[in-house]
Amino acid sequence: MIVYLDVIWALNLLFDSLLLYLTAIFLKRRIRLWRILAGGFIGSLIILLSFTPLNVYTSHPISKLICSIMMVFIAFGYKRLTFFIKALMTFYVSTFLIGGAIIGAHFFIQYDYVLTINVLKGFGDPISWLFVFIGFPIAWHFSRKNVERMEMTKIQFEQIVNVRLNIEGESLIFKGLVDSGNQLYDPLSRLPVMFVSIKNDMETIPEPIRKLASDPEPLLMGSFVFPDEWQNRLRIVPCRVVGQEHQLIAAIKPDLILIEHNGTQYLCEKGLVSFTMQQLSVDDAFQCIVHPKMLTGSKRQGGAEKVS
């Protein structure tokens with residue numbers, strides 16, 4: 001029998017890459033194409049190694065688990081343990097869904113006369129009934145939990161918006177989460193306040209904002225003076241946080257706040273932005289927390305710039 005190893009390997013590379021892409025869709029994460037292909041390549045190596053003396057090791061379930069972990073790590077990276085486990089479990093759910101659909105379609109169109117006779121005679125299906133009785137509840141629980149997590153991700157993703165800030169000729173673009181719990185206003189001007197993390201965008205942020213976000217204490221205490229062109233933008237806003245009754249934060253009034261959600265752009269003409277070095281999302285799904293009041297401005301159709 002002739003085995004076309006290159007064709008088999010190419011198909012596995014394609015299928016593994018598509019499974020990683022499906023996982024990214026379920027998780028609502030944007031990842032680069034080269035990372036998907038690199039993860040698929042790692043998964044396809046098992047096919048090549050199965051034709052070598054290493055087949056004894058690569059066919060072991062532990063080897064397959066390690067391979068899956070490497071695929072997910074290359075495709076999605078590692079930010080924290082829960083972030084990684086969620087990606088790994090969703091990858092397995094995607095694989096089982098596709099595999100189950102293929103097996104189900106195969107059994108639907110296949111008719112085995114000998115198998116039918118054996119079942120009628122009481123011998124049963126070759127698949128172990130014990131495996132079915134034990135495996136089905138586990139698979140059901142596993143699928144239900146992951147579907148619930150995907151639903152929570154979907155709910156959060158629906159609140160994700162694209163935010164563009166124009167300040168002193170600079171255009172800054174972020175992903176934002178509309179949070180109804182953010183009800184912070186400047187008590188004097190009644191302008192809503194948005195929180196923006198610049199931890200991962202330091203090279204594109206103007207120097208005054210970097211200083212303000214990294215150490216606002218000197219400015220609040222009066223030992224640091226903002227540049228003249230930024231003085232009229234600066235606001236000191238009192239707020240309350242858990243564990244502290246009163247706290248002061250520094251905020252900037254930008255020239256423009258443009259928010260895009262579901263193809264509609266919202267122009268917020270009056271708003272403040274407080275920049276921070278604190279990471280607002282553990283999995284970096286968003287970089288700013290948007291005040292819901294900011295989505296009540298004038299609307300216009302058309303897509304805003306996308307955030308990569």
Side-chain angles (χ1 to χ4, degrees), residues 30 32 77 79-80 160-179 182-241 244 246-261 265-295 297 303-308:
R30 293 182 180 179
R32 299 183 181 276
K79 297 182 182 296
R80 56 181 300 180
I160 296 293
V161 297
N162 293 322
V163 179
R164 190 178 77 193
L165 306 175
N166 287 357
I167 307 176
E168 288 293 328
E170 297 285 343
S171 182
L172 309 176
I173 301 176
F174 305 95
K175 278 185 180 178
L177 174 69
V178 181
D179 184 9
N182 177 17
Q183 296 294 326
L184 181 61
Y185 291 89
D186 177 17
L188 297 179
S189 61
R190 297 303 298 169
L191 297 180
V193 180
M194 172 194 302
F195 293 92
V196 176
S197 171
I198 61 172
K199 182 177 181 180
N200 299 324
D201 301 280
M202 293 293 290
E203 66 280 355
T204 62
I205 303 299
E207 180 66 20
I209 295 180
R210 291 205 301 267
K211 289 185 177 180
L212 181 64
S214 58
D215 189 12
E217 193 67 23
L219 176 66
L220 298 176
M221 299 301 295
S223 59
F224 171 72
V225 180
F226 235 34
D228 294 337
E229 61 272 18
W230 290 80
Q231 286 290 342
N232 62 336
R233 300 181 181 276
L234 183 63
R235 304 287 189 276
I236 304 300
V237 181
C239 68
R240 293 181 180 180
V241 295
Q244 296 183 6
H246 298 288
Q247 184 180 4
L248 297 177
I249 63 171
I252 297 294
K253 188 178 186 303
D255 298 316
L256 172 73
I257 300 178
L258 190 63
I259 303 173
E260 190 267 332
H261 184 222
Q265 294 181 348
Y266 300 84
L267 179 60
C268 178
E269 299 178 350
K270 297 181 180 180
L272 300 176
V273 180
S274 177
F275 294 93
T276 178
M277 293 296 296
Q278 181 181 356
Q279 188 169 347
L280 302 177
S281 171
V282 293
D283 55 1
D284 204 24
F286 54 90
Q287 295 83 44
C288 56
I289 297 178
V290 181
H291 196 292
K293 179 71 174 178
M294 293 181 172
L295 272 73
E305 296 180 55
K306 298 296 182 181
V307 183
S308 59

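Along the sequence shown, residues carry numbers from 1.
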Hey, does [Y] have a side-chain heavy atom less than 4.5 Å from the side chain of [X]?
X	Y	answer
His291	Val193	no
Ser171	Asn166	yes
Met194	Ile289	no
Ile249	Leu184	yes
Leu234	Ile252	yes
Leu172	Ile205	yes

Who passes side chain to side chain donor-acceptor pair (under 3.5 Å) against Ser214, sequence neighbours left out?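 With neighbours one apart ignored, the set is empty.
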
Residues Gly271 and Pro254: closest non-hydrogen pair is O-CD, 3.4 Å

Let me confirm one number: the [atom1]-[atom2] distance from [X] to [Y], rounded to the nearest 0.5 Å.
X	Y	atom1	atom2	value
Tyr266	Glu260	OH	CD	9.5 Å
Ile167	Lys253	CD1	NZ	10.5 Å
Asn162	Cys288	CG	SG	9.5 Å
Ser274	Asp186	OG	CG	11.5 Å
Ile259	Gln265	CD1	CD	11.0 Å
Met294	Leu272	CE	CG	7.0 Å

When Val178, Leu177, Val290 are each screened for side chain to side chain contact (heavy atoms under 4.5 Å, CB included) with Ile160, the one that passes is Leu177

- Message: Walk me through whether Phe275 and Leu165 qualify under side chain to side chain contact (heavy atoms under 4.5 Å, CB included).
- Response: CA-CA 12 Å; Phe275 294 93; Leu165 306 175; 4.2 Å; yes

Quick note, salt bridge (charged side-chain N to carboxylate O under 4.0 Å, His left out) partners involving residues 165-174, not counting sequence neighbours, are Glu168-Arg233

For the pair Thr276 (side chain) and Ala213 (backbone), establish whether a donor and an acceptor sit closer than 3.5 Å, ignoring hydrogens and angles.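 Checked: no pair found.
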
Exercise. Judged by atom type as modelled, is there a donor-acceptor pair below 3.5 Å linking the side chain of Gln287 to the main-chain atoms of Lys175?
Worked result: yes

